[in-house]
Protein chains: 2
Amino acid sequence: MHTVAARAGVSIASASRVLNGVGGSAETIRKVRAAAAEVGYVPNAIARSLQSQRTGLVALAVEDIGNPVYVAMMRAIESVVASSGRQLLVHATGGRIDNETALLRRLANRYVDGMIISPIRVTADHLAALVDSPVPVVVVGQLGADAPVDNVRTDSRHGVALAVDHLVAGGRRRIGFVNGPLDTVPGAARDAGFRAALARHDIPLDEDLVEVGDFQYAAGRAATERLLARTEPDALLCANDLIAVGALHALLAAGRRVPEDVALVGMDDTELARMMFPQLSSVSLGSAERGRRAAELLLQRIADPALPPRREQVPPGLVVRASSAGPSPTADRAPTAGEPLTAGEAGQPAPPAPRPSTDPLAGPITDPFAGPAGPAPTHPSSEGASS
Amino acid sequence: MHTVAARAGVSIASASRVLNGVGGSAETIRKVRAAAAEVGYVPNAIARSLQSQRTGLVALAVEDIGNPVYVAMMRAIESVVASSGRQLLVHATGGRIDNETALLRRLANRYVDGMIISPIRVTADHLAALVDSPVPVVVVGQLGADAPVDNVRTDSRHGVALAVDHLVAGGRRRIGFVNGPLDTVPGAARDAGFRAALARHDIPLDEDLVEVGDFQYAAGRAATERLLARTEPDALLCANDLIAVGALHALLAAGRRVPEDVALVGMDDTELARMMFPQLSSVSLGSAERGRRAAELLLQRIADPALPPRREQVPPGLVVRASSAGPSPTADRAPTAGEPLTAGEAGQPAPPAPRPSTDPLAGPITDPFAGPAGPAPTHPSSEGASS
DNA sequence: TTGTACGCGTTATCAG
DNA sequence: CTGATAACGCGTACAA
């Protein structure tokens, strides 16, 4: 800038003004522009930030950038953030809480203008660090109590209920559940939702049907193998799609047919669910939508830090695909009215015509219990809102 | 810092020295430390950067952060970068070249200390922007000629050859090829490799067996459907794993058995290959290793910008799994005894029965042409979840 | 409109 | 060892 000003024969203040588009006579503008172009001037973002107190950077902290659900969320956030002229800084926390608190602490050095964080474990001082963060923070996920923090959540308990309702409606009674760690917020919420949903259907819970691993493929597979070694489910609900893929492999390797012998439902409704064969039914928790909303909340707060804390909720929905389509063949009941006539009975000769439900090209089948496709309305009555 | 110094009764210079661990008498250190703790002093990273001319940020630009191959690369890079105390800034370019050049131009504002970029298209001025970048840049991928840019590459032509050799050794002759765009660097290299490999085996190339889409799942599926509509391959090589998953779905939906009717091989050897059923054979291009090496090159260059340009090469390998295991059944082989029906309702093609070699639990089978088993599976990543 | 001068928060230099 | 002071590069009151 100094050299530009010298070259244009003006003061650095005039040069700065022209380059920022404020003020300047026609002649000055011309000279400065020319000089800047000649020397290939590019403003130093650091110095600019020191002056403006804003970096134009927004951070996103999730535990695993490899999980497709976070990829979806990240894309949505990046889209919003980029369209505001900012850049996105991505952190992988690994779910380790010390890692996250360190991140929050580092926030104080003002390297980012704001942060979106999706913690899976929340402790007291974690929460404390959140509320008195020196820069705006938006939390994606359940946050105990009504902490004064911008927060976008979904009702995963209700999401679990949607899945259980669907399975029960298909005649399944021995519904297994492969969950993530119970000391995580999503793990605890799903566990509670599962137990509540079974109770609502007067189905006694057989603890043999419940397994816990972590939220990954390998753990999901191992947990399912343990479960299959001791009992015989006719359906399996998995706490996320990665687990569901692991469960699918365990089931197929054990000779179970999906969905005939065991219906399978995942959660998060990621790309992965559509990429499996058979395609996986999955509970959509609106991850992209939550990301989008979180990004918007953050940008608003950056613009006006005095805003009161806000909380938004994205309703879950159930997307039924081949892995849980059709009633259980063991169920001796007439198909429920409204149940899509998709499933052929085992042993029935195959109609040559491709049927929508099993063709991977076909779109998702909407569950009769879930209402119209996409997010379904919430049931605050039957399901508690927060953890 | 000003208030800390005042509170400690020393000059800001002394405070700075103590907080940076250089110099200071025992008494001064005590006073400054106490004062800093009292006011909860946190150094301002921007001001520090303005002075030190380094931000501690490193950028990574890839086409699609949702592609598992880039996730693997990203993880490897993040690991190296984080262990040097820096942070990783991730950009999704969408493969649009204007996007990348804009990114390179913005590099001039000094917001990052260096950048790793994996371009899939390279033009002349793109290359020019690369070579006279104001900050260190390392390129992952083929770079035409011997541009004076740090560069980590693999030999994807050789990788394609490994796959073709393997398929031919299994008795396959009508080998199809589903590629990405030919105007991309990887697309062109794979195409050339495929043609060369066939020629080496004296197999005439039937253009009906070649299809082109982009490097995504949906395009891979559509391309495979087009291919199947006009000809009958006994093997399919796909330019990456996302395409291979799309091809798998197209094959199964068309009633082809994998690998009995059509052997399937992907490229990149991502997690996705292991998550499919049957598990996909895939050409490992060492993406994690290339990422690791690129990060190390970048850190070295940041430390010493005077270093001469370096080029490293990571050899490809073939990981054989169920999707291409065993010889072609058309080569005289008795059908397997009693394949149990596994998944799928009537009309839905069932995935192959879990034979020992296809058990997803089993480790990859080493291809005789590939030498020792490919790179170890990705490190145990953090758990995945959602809320 | 233009130029001077100060401040953003730190670190580094140089006398004392 | 310590303190005053000059950068770092830019934006912007303020006065001319």
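Numbered from 1 within each chain, the chains take letters A, B, ... in sequence-line order. If you're wondering where the values come from, they're calculated on a predicted model, not measured in any experiment.
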Worksheet entry | Where at least one partner belongs to residues 43-52 of chain B, residue pairs that pass side chain to side chain donor-acceptor pair (under 3.5 Å), sequence neighbours excluded | Tyr111(A)-Ser49(B)
Worksheet item: With distance as the sole criterion, is a donor-acceptor pair present between the side chains of Thr93(B) and Asn99(B) under 3.5 Å?
Response: no
Check whether any side-chain N or O of [X] sits under 3.5 Å from a backbone N or O of [Y] as a donor-acceptor pair, and report yes or no.
| X | Y | value |
| --- | --- | --- |
| Asn109(A) | Pro43(B) | no |
| Arg301(B) | Pro308(B) | yes |
| Arg290(B) | Met73(B) | no |
| Thr154(B) | Val314(B) | yes |
| Asp113(B) | Val58(B) | no |

Response to the item:
Within residues 24-34 of chain A, the residues having a heavy atom closer than 4.0 Å to DNA chain C are Gly24(A), Ser25(A), Thr28(A)
Discussion item. Heavy atoms within less than 4.0 Å of DNA chain C: which residues of residues 45-53 of chain A have one? Give them sorted by number.
Written reply: Leu50(A), Gln51(A), Gln53(A)
Can you list the residues that meet the salt bridge (charged side-chain N to carboxylate O under 4.0 Å, His left out) rule with [X], with sequence neighbours excluded?
| X | result |
| --- | --- |
| Asp304(B) | none |
| Asp64(B) | Arg75(A) |
| Arg310(A) | Asp150(A) |

Item to complete: Please list, in 5' to 3' order, the outermost nucleotides of DNA chain D lying under 4.0 Å from any heavy atom of chain B.
Response: dC1(D) to dG9(D)
Discussion item. Taking salt bridge (charged side-chain N to carboxylate O under 4.0 Å, His left out) as the cut-off, I'd like each qualifying pair that reaches into residues 24-37 of chain B, sequence neighbours left out, listed once.
Written reply: Glu27(B)-Arg30(B)
Discussion item. Taking the basic N atoms (NZ, or NE/NH1/NH2) and the acidic carboxylate oxygens, is any pair closer than 4.0 Å for Arg7(A) and Glu38(A)?
Written reply: yes
Worksheet entry | Basic-acidic side-chain contact under 4.0 Å: Glu296(B), Arg293(B) | no
Discussion item. Does anything in residues 8-20 of chain A come within less than 4.0 Å of DNA chain D? Heavy atoms only, and list the residues if so.
Written reply: Ala13(A), Ser16(A), Arg17(A), Asn20(A)
Donor-acceptor pairs are to be reported for all side-chain atoms of residues 125-140 of chain B against protein atoms at under 3.5 Å, with residues two or more places apart or in another chain.
residue: Asp125(B); atom: OD1; partner: Thr123(B); partner atom: OG1; Å: 2.8
residue: His126(B); atom: NE2; partner: Glu100(B); partner atom: OE1; Å: 3.2
residue: Ser133(B); atom: OG; partner: Val135(B); partner atom: N; Å: 3.2
residue: Ser133(B); atom: OG; partner: Val135(B); partner atom: O; Å: 2.6

Worksheet item: Of all heavy-atom pairs between Ala59(A) and His91(A), which one has the smallest distance, and what is that distance?
Response: CB-CD2, 4.3 Å
Worksheet item: Of all nucleotides in DNA chain C with an atom under 4.0 Å from a non-hydrogen atom of chain A, which is the first and which the last going 5' to 3'?
Response: dT1(C) to dG9(C)
Worksheet item: Taking it one step at a time, do Leu57(A) and Leu89(B) satisfy side chain to side chain contact (heavy atoms under 4.5 Å, CB included)?
Response: CA-CA 10 Å; Leu57(A) 288 180; Leu89(B) 194 57; 4.2 Å; yes
Response to the item:
When rounded to the nearest 0.5 Å, the distance separating CE of Met74(A) from CG of Leu88(A) is 8.0 Å
Practice prompt. Quantify the bending of the helix from dT1(C)-dA16(D) to dG16(C)-dC1(D) as the angle between its end axes, each fitted on five pairs, to 10°.
Written response: 50°
